[in-house]
Amino acid sequence: VTANGPSKGAKNARVTIVEFADYECPYCARGSDVMKEVLKKYPNDVRVVFRDFTLDFHANAIPAAITARCAGKQGKYWEMHDMLFANMEALGESALRSYAKKLGLDLAKYDSCIADPAWQAAIRADEAEAAQYGVEGTPAFFVNGIPLSGAQPLERFSEIIDRELANSPSKKK
């Protein structure tokens, strides 16, 4: 699974989790919370990469994903990511712009960024790649390539992470 996209955690982590999610999905919000727990438990061993997989029946999922990507252009991807999940019931155009303002984004740059049609193509590319891996719903995770579907508890991730860490060579210092 390609680990392209915004990431958090150790750059040279021995375990990479690629998450495919949708900002209007309540299970994805729970999954995002679990990813925070994973990073807290494994600060030196895990990196989490976020990729978009918008569901057709979520009308605001693509605009929300574009908003996160545009916030990332101004160094605020993860702040926007968290804000979108915290406010998933309010993801209309005016709400998204208000979040950009609240995070202190340059609104002229933000407005220009969200108007770029290339973002929708990039999101569709994430979705096409996810479909190649068998993703049909959200959230979907790949822990060092091992699929884990749905909002799973920390313990389920820990089982796989601990096994992967036990089977991987120690990272060089």
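These values consider heavy atoms only, across backbone and side chains, with no hydrogens, waters or symmetry-generated copies.
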Would a 4.5 Å heavy-atom cut-off, applied to side chains only, mark [X] and [Y] as touching?
| X | Y | value |
| --- | --- | --- |
| Val46 | Leu39 | yes |
| Met35 | Phe157 | yes |
| Trp119 | Cys113 | yes |
| Glu129 | Arg51 | yes |
| Val48 | Phe141 | no |
| Asn44 | Arg14 | no |
| Val143 | Val15 | yes |
| Asp22 | Asp52 | no |

Give, for atom [atom1] of [X] and atom [atom2] of [Y], the distance between the pair rounded to the nearest 0.5 Å.
| X | Y | atom1 | atom2 | value |
| --- | --- | --- | --- | --- |
| Lys102 | Asn87 | NZ | CG | 7.0 Å |
| Tyr77 | Cys70 | OH | SG | 11.5 Å |
| Leu105 | Arg97 | CG | CZ | 10.0 Å |
| Ile146 | Arg163 | CD1 | CZ | 5.5 Å |
| Lys76 | Asp82 | NZ | CG | 12.5 Å |
| Glu127 | Thr54 | CD | OG1 | 3.5 Å |

Quiz prompt | Asp33 and Lys36: CA distance, side-chain angles, deciding distance, side-chain contact (heavy atoms from CB on, under 4.5 Å) verdict | solution = CA-CA 5 Å; Asp33 290 341; Lys36 289 175 189 171; 4.1 Å; yes
Quick check on [X]: does its [atom1] atom have over 12 non-hydrogen neighbours (other residues, nucleotides or ligands) under 6.0 Å away?
| X | atom1 | result |
| --- | --- | --- |
| Glu136 | CD | no |
| Lys41 | NZ | yes |
| Asn167 | CG | yes |
| Glu93 | CD | no |

Considering all heavy atoms, the nearest [X]-[Y] contact:
| X | Y | answer |
| --- | --- | --- |
| Ala3 | Arg47 | CB-NH2, 3.5 Å |
| Val49 | Asn4 | CG1-O, 3.5 Å |
| Leu107 | Ala100 | CD2-CB, 3.9 Å |
| Asp106 | Ala108 | OD1-N, 3.0 Å |
| Ala130 | Phe53 | CB-CD1, 3.5 Å |
| Leu96 | Ala64 | CD1-N, 3.9 Å |

Exercise. Dump the intermediate steps for side-chain contact (heavy atoms from CB on, under 4.5 Å) on Asn144 and Thr16, then the final yes or no.
Key: CA-CA 5 Å; Asn144 274 4; Thr16 298; 4.2 Å; yes
Do [X] and [Y] belong to the same hydrophobic cluster, where Ile, Leu, Val, Met, Phe, Trp and Tyr are linked whenever their side-chain heavy atoms lie under 4.5 Å apart, directly or via other members?
| X | Y | answer |
| --- | --- | --- |
| Met88 | Leu103 | yes |
| Ile17 | Phe50 | no |
| Leu165 | Ile160 | yes |
| Val135 | Phe57 | yes |
| Leu154 | Ile161 | yes |

Practice problem: For the pair Ser32 (side chain) and Cys28 (backbone), establish whether a donor and an acceptor sit closer than 3.5 Å, ignoring hydrogens and angles. | Solution: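 Side chain of Ser32 to backbone of Cys28: no pair is present.
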Practice problem: Ignoring hydrogens and angles, tell me if any N or O in the side chain of Gln120 forms a donor-acceptor pair with the backbone of Ile62 under 3.5 Å. | Solution: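 Judged by distance alone, no pair lies under 3.5 Å.
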Quiz prompt | Verdict with supporting geometry, Thr138 and Leu55, side-chain contact (heavy atoms from CB on, under 4.5 Å) | solution = CA-CA 8 Å; Thr138 58; Leu55 302 173; 3.4 Å; yes
Quiz item: Less than 4.0 Å between a side-chain N and a carboxylate O, is that true for Arg69 and Asp126?
Solution: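 Yes, charged N to carboxylate O under 4.0 Å.
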Quiz item: Is it true that Glu37 and Lys40 make a salt bridge, defined as a side-chain N closer than 4.0 Å to a carboxylate O?
Solution: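 No, Glu37 and Lys40 are not salt-bridged.
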Quiz item: Does one side chain, of Tyr42 or Asp162, offer a donor that lies under 3.5 Å from an acceptor on the other?
Solution: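 The answer is yes; a qualifying pair exists.
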Practice problem: Describe, in one word, how the ring planes of Tyr23 and His81 are oriented to each other, choosing from parallel (under 30°), tilted (30 to 60°) and perpendicular (over 60°). | Solution: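 Perpendicular, since the angle between the ring planes exceeds 60°.
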Quiz item: Between Tyr133 and Phe20, how do the two ring planes meet: parallel, tilted or perpendicular, split at 30° and 60°?
Solution: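 Ring orientation of Tyr133 relative to Phe20: tilted.
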Quiz prompt | side chain to side chain contact (heavy atoms under 4.5 Å, CB included) partner of Gln74, chosen from Met80, Glu79, Lys109 | solution =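 Result for side chain to side chain contact (heavy atoms under 4.5 Å, CB included) with Gln74: Lys109.
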Quiz item: Do Tyr110 and Lys73 pass the side-chain contact (heavy atoms from CB on, under 4.5 Å) test, and can you show the C-alpha distance, the side-chain angles, and the key distance before you say yes or no?
Solution: CA-CA 9 Å; Tyr110 169 80; Lys73 285 290 203 186; over 6 Å; no
